[in-house]
Amino acid sequence: MELVTDPKELQSYLDQVRVEGKTIGLVPTMGFLHQGHISLIERAVTENDVIITTIFVNPLQFSANEDLSTYPRNIEKDTELCLKAGTNVLFTPAVEEMFCDTVLTSISVSNLSSVLEGVSRPTHFSGVATVVSKLFNIVGPCRAYFGEKDWQQLQIIRKMVIDLSYPVEVIGCPIIRDHDGLALSSRNVYLNSEQREIASIIPQALQNAHERIRGGEKNTQPIKEIISEHILSSSQISVDYIEVVNGESLEPVIQVDEETRVLIAVRIGTTRLIDNINPHIGINPI
Ligand code: PAF
């Protein structure tokens, strides 16, 4: 596995890879890797000749009051995991290498970016879209892999790729969950042991909703109420949003159909957690 930090060096290495007719798979991450990230790399390995994993804690997607400086990092462990999972090049640029000058350009995928997460994090998704676009330009991948855990992010990147004609296939990969159903996230490390136990209420509430829908409930209002009641059974969780939306447009729906996605954001202490399900499938295993 090659370690590269200079974007220009990566670009010229990959120009050669393309001349050889090889396909390139990109797995963009912010590091502190868990099994969710590993599943993306493993999927990329099965579909491409050369796998580029990037670790870059992107300052553009954090607002001033967020956890940029304390975001968990462990580059030694991440390097080992990337090697084991089949990464060919691990790209870990410093902030100054990615953004050698003040960044004046920003990509904004309107509408999709201002709802759900965008309400409390209004600048987040332009930061994500801008850095992902830059990574696409540096790497020139055939395919890029993103977790469904960040469902809204995935839809925004898909739309950006369509709108800007990026020749990249965006692959969404299933959420990987812990033994009790909690979606794996680098930020789970912020939870103390009591909070971690309480967090299992999130997948339980989503699974409850799935069971009601399987039982024939189609109206989204009672589904949202079921989730809310379940979540608020713990005084230590507060709800940021519970929404039932069209999975692609992210617009709220009043009846569940084949395209529906249920999304949730909560806070436990100072930690904000997000999750989502396809309500017809629910959570497996729980
Ligand atoms: O999902 C993430 O880890 C980040 O938002 C991404 C896509 C790597 C962009 O910084």
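Model, not experiment: these values are computed from the prediction. Note that ligands are numbered from 1 as they come in the structure, with each ligand's atoms numbered from 1 the same way.
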Quick check on contacts: which atoms of ligand 1 are under 4.0 angstrom from a heavy atom of T29?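 Near T29, the atoms of ligand 1 are 8 (C).
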Worksheet entry | For V131, atoms of ligand 1 separated by under 4.0 Å from a heavy atom |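 Every atom of ligand 1 under 4.0 Å from some heavy atom of V131: 9 (C), 10 (O).
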Nearest to atom 10 (O) of ligand 1 by heavy atom, Q153, K134, H37, Q61: which?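 Nearest option to atom 10 (O) of ligand 1, by heavy atoms: Q61.
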Using the test ring-ring contact (aromatic ring centres under 6.0 Å, His included), find all partners of H280 that sit at least two apart in sequence or belong to another chain.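 With neighbours one apart ignored, the set is empty.
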Looking at [X] and [Y], does any basic side-chain N land under 4.0 Å from a carboxylate oxygen?
X: E117; Y: R272; answer: yes
X: E243; Y: K224; answer: yes
X: E47; Y: R43; answer: yes

- Query: Is the shortest N/O to N/O distance between N58 and ligand 1 below 3.5 Å?
  - Reply: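 In this structure, N58 places no N or O atom under 3.5 Å from an N or O of ligand 1.
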Out of curiosity, L182 CG to I198 CD1, how far, rounded to the nearest 0.5 Å?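 If I round to the nearest 0.5 Å, the distance is 12.0 Å.
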Side chain or backbone of I157 under 4.0 Å from ligand 1, or both, or neither, by non-hydrogen atoms?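 It is neither part, as no heavy atom is under 4.0 Å.
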